[in-house]
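Just the heavy atoms: all of them, side chains too, but no hydrogens, waters or symmetry mates, feed the values below. As the structure is a prediction and not an experimental result, all values here were calculated from the model. Throughout, protein chains are lettered first and strands after them, A, B, ... in sequence-line order, and every chain is numbered starting at 1.
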Amino acid sequence: MYEQKLVLAGLVADRLGLESEAVWSAIEYPPDPKLGDLALPCFRFAKALRKPPQAIAADAAEALRCSGAFANVEVAGGYVNVTLRRGAVAAEVIGQAQRDVTGLFSRRRHTGRRAAVDYSSPNIAKPFGVGHLRSTMIGQSICRLLAEDGYEVIGINHLGDWGTQFGKNIVAYLKWGDEETVRRDPVKELFRLYVRFHEEAKEHPELEDEARAWFKRLEDGDEEATRLWKWFISESLKAFEQTYRRLGVRFDHYLGESFYNDKMDAVVDELRQRGLLAQSEGAEVVDLSAYNMPPCIIRKSDGATIYATRDLAAALYRHDVLGATDLIYVVGAEQKLHFAQVFKVLELMGRGWARHCHHVAFGMMKYNGERLSTRRGKVVYLEEVLERAVEEARAIIEEKNPGLEDKDRVAEAVGIGAVVFNDLKNNRLHDVDFRWEDVLNFDGETGPYAQYTHARACSVLRRAEAEGLSAAAPPVLADDLLAQSEWLLVHQLAQSNECLERAVDGFDPSVIARHVLDVCHAFNRFYHDAPILGAEGDVRRFRLALTDATRRVLAHGLYLLGLEAPEAM
RNA sequence: GCGCCCGUAGCUCAGUUGGAUAGAGUGCUUGACUACGAAUCAAGAGGUCGGGAGUUCGAAUCUCUCCGGGCGCACCA
């Protein structure tokens, strides 16, 4: 649709003496396809041109008609409604999808930029709950979206691998744990020990002192403490990586908080040199009152650094060492103020690139309306959610398609697809209340629906191939040979690039999820409305090519969301 | 108290950045498989876009105000 809009904008801009960009951004889609395929409301030009909108619309329509570029141009009130040469446009859109789906989605606007995306970032020795799915899958999808639009992407897992909690882990392990049990199920066992620590500490507060002492030893490089700490990390990572593999998630770097331990002094020194550091209530802070924010604490009153210091060091590392031009943080909305402070301090440190730092916030995951809290042991394990969803998928396959090959692999793809899609389809910022019924629902606006539609298209194409029919390059049909449902599908496919742009600009995978659903709906409607294999000649060739284009767009859209697209299910 | 986010159908949510008659899914009622896959499609009922005021040709969208919910507001991350 991009080409068509360019042509329209250019013609109208020339005639009216406006900027092409201004016309372009005014173009929209009519509410009813009977009105046309593109619409240009002329109200906003009235003031500048000092003419009534109707006259402007008439003038613009005249220019469009003369050009002969469109099938039909009508004026309705202050609107110009344009009907495209549908046969030609359809062939072009389908051809594009078949040659290179990526090209249908993206104009690669950001080549030459490198984005460091910080996502997932679970805490070591704590369970991977459903809540972590948000950062993980939103982050993963954003990585793919940015790469699609030309960015070079670096995915970073900023593991929570440092802090006083490790003193607690060590104490609890030495008192109540054993190597064998930890090895068997590291995360669950370490977490069990951690929860027990908190329970026992209520009765025996001296445990807290012991934990602090052990963390101090860790900071001082004590051999025993370091050994245990490293062991906890490697065991936890094994478990996390298993989950990441199931989800199809991968990182370029695992750079945990501890990685920046030796990089924070430089930050503090620079802040001091620049005169940004102030004493306040015994702590060293950057005063941000001029920006209507509380001070950013750099050093606590006991001299220790804090997470803002660490995030500053991490940002500098990502920019200076990793060469990132854009820093993306996929972290919960509750940390909004923290990131606003960190970005502001970077700016005050003279880092102009601070304006390319983005906190991609998302709402909280709740369960029965309550906040999930690992500390209080309130967790829904992600592995359990995935397992139940996969079981559900397997049961449905047994019922509907017992002869399917590769049942296990497909059940895995569909079950996990349901969970992931459910998390990506809505506005990031909404809090979500986790409900089993939502996750285990495979009908309607769901991942399995999208996967099913894809498999259905594949199925038609398989049959076509078996009959020796080609789905390659579509013929150009006469406009009136195109059924309404066919055109609506083409029109939907053609909007892929604007969806990608909106998704990238807003760091919002849900735009793609919605688009995938819209394509599915349009395809299924077309599928019911028009026989594909039962048609003949050019019409059949066209419909097969359209089916093939749809299949490609769906597979790619699902990829951008991090879902698999099985060819049968 | 201050700041940010959210409020649209019974429920979960879209709404192309101020445009035409506010749309999906789900649930409910109903129709379509001897049919290229029914994990599908179609039809119906269901709305004071939280309330009120303002801005203008035009507001779910922008401004103000009130109500309701969430999150944050210095030594946890």
Side-chain angles (χ1 to χ4, degrees), chain A residues 25-32 35 39 41 43-44 46 52-53 76-79 81 121 123 160 162-165 257 280-285 292-302 304-308 310-311 331-338 340-341 361 363-364 366 371 393 396-397 399-401 414 418 422 425-427 429-433 435 437-438 441-453 455-464 495 498-499 502 506 510-511 514 517-518 520-521 523-525 527-535 543-544 547 568-569:
Chain A
S25 66
I27 299 173
E28 49 192 56
Y29 301 109
D32 184 341
L35 292 169
F43 309 96
R44 70 171 68 172
Y79 291 89
N81 289 323
S121 309
N123 288 323
W162 198 249
T164 45
Q165 67 136 329
E257 294 170 9
S280 175
E281 299 175 27
E284 291 189 276
V285 307
N292 220 350
M293 283 188 269
C296 182
I297 298 180
I298 299 298
R299 235 192 239 287
K300 303 193 284 183
S301 40
D302 67 0
T305 52
I306 192 171
Y307 64 113
R310 199 181 313 277
D311 274 343
V331 180
E334 66 276 10
Q335 297 201 37
K336 191 162 183 176
L337 176 58
H338 167 248
Q341 291 177 309
M364 208 157 330
K366 307 200 173 191
R371 218 171 150 153
I396 294 177
I397 290 170
E399 177 199 331
K400 301 191 187 256
N401 196 0
V414 173
N422 183 251
K425 76 176 173 192
N426 291 329
N427 184 337
L429 290 169
H430 284 127
D431 287 349
V432 293
D433 198 357
R435 281 188 315 222
E437 53 199 285
D438 291 341
N441 175 30
F442 291 10
D443 298 327
E445 296 174 329
T446 64
Y449 169 61
Q451 291 169 316
Y452 171 79
T453 307
R456 183 183 236 186
C458 289
S459 170
V460 174
L461 294 167
R462 269 194 304 275
R463 279 174 184 271
Q495 285 172 47
E498 351 191 327
C499 288
R502 266 190 293 141
S510 76
V511 175
R514 295 273 153 206
L517 290 174
D518 287 341
C520 288
H521 191 227
F523 176 78
N524 284 319
R525 189 187 271 253
Y527 179 91
H528 277 271
D529 181 66
I532 301 169
L533 296 171
R543 288 178 184 169
L544 277 170
T547 302
M569 61 189 269

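Evaluation of atom-type donor-acceptor distances gives a pair under 3.5 Å for the side chain of A/Tyr307 against the base of B/A77. No hydrogens or angles were tested; on distance alone, nothing pairs the side chain of A/Thr453 with the base of B/A39 as donor and acceptor under 3.5 Å.
Secondary-structure stems of RNA chain B, taken as three or more successive Watson-Crick or G-U wobble pairs (i with j, i+1 with j-1) under a 3.5 Å distance threshold, comprise B:1-7 with B:67-73, B:10-13 with B:23-26, B:28-32 with B:40-44, B:50-54 with B:62-66.
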Give me, pair by pair, the N or O atoms of the protein and of nucleotides 43-45 of chain B that are less than 3.5 Å apart, along with how far apart they are.
none

Report all interatomic pairs (protein N or O, nucleotide N or O of nucleotides 18-28 of chain B) with separations under 3.5 Å.
from	atom 1	to	atom 2	distance (Å)
B/G19	O2'	A/Glu28	OE2	3.3
B/G19	O2'	A/Tyr79	OH	2.1
B/A20	N6	A/Asn81	OD1	2.8
B/A20	N1	A/Asn81	OD1	3.3
B/A20	N1	A/Asn81	ND2	3.1
B/A24	O2'	A/Glu445	OE2	3.0
B/G25	O4'	A/Glu445	OE2	3.4
B/G25	O2'	A/Glu445	N	3.3

For nucleotides 1-8 of chain B, tabulate all protein N/O to nucleotide N/O atom pairs closer than 3.5 Å, reporting atom names and distance.
from	atom 1	to	atom 2	distance (Å)
B/C4	O2'	A/Lys336	NZ	3.2

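Of the candidates B/A77, B/G72, B/A14, B/A77 carries the atom nearest the A/Ile306 side chain, counting heavy atoms from C-beta on.
Rounded to whole Å, the C1' atom of B/A42 lies 15 Å from the corresponding atom of B/G25. Taking atom C1' in both B/G70 and B/U30, the straight-line distance is 40 Å, to the nearest Å. The same atom, C1', is picked in B/G15 and in B/C57; the two are 22 Å apart, to the nearest Å. B/C62 and B/G1: their C1' atoms are spaced 28 Å apart (whole Å). The gap from the P atom of B/C64 to that of B/U55 amounts to 15 Å, rounded to the nearest Å.
In this structure, A/Arg463 reaches the B/G37 phosphate: one of its side-chain N or O atoms is under 4.0 Å from OP1 or OP2.
Remark: A/Ile396 pairs with A/Glu392, A/Lys400, A/Phe442 by the side-chain contact (heavy atoms from CB on, under 4.5 Å) rule, at least two apart or across chains. Remark: A/Ala333 engages A/Ala361 in a side-chain contact (heavy atoms from CB on, under 4.5 Å) (not counting sequence neighbours). Among residues two or more places apart in sequence or in another chain, the salt bridge (Lys or Arg N to Asp or Glu O under 4.0 Å) test is passed with A/Arg299 by A/Glu284. For A/Glu334, the salt bridge (Lys or Arg N to Asp or Glu O under 4.0 Å) test picks out no residue, with sequence neighbours left out. Evaluation of the side-chain contact (heavy atoms from CB on, under 4.5 Å) rule for A/His338 yields A/Tyr307, A/Ala308, A/Asp311, A/Gln335, A/Val342 as partners, not counting sequence neighbours. In this structure, A/Asp443 has no salt bridge (Lys or Arg N to Asp or Glu O under 4.0 Å) partners at least two apart in sequence or on a different chain. Partners of A/Arg44 according to the side-chain contact (heavy atoms from CB on, under 4.5 Å) rule, which considers only residues two or more places apart in sequence or in another chain, are A/Ser25, A/Ala26. Applying the salt bridge (Lys or Arg N to Asp or Glu O under 4.0 Å) test to A/Arg310 and every residue at least two apart in sequence or in another chain returns nothing.
With a glycosidic angle more than 90° from 0, B/U29 adopts the anti conformation.
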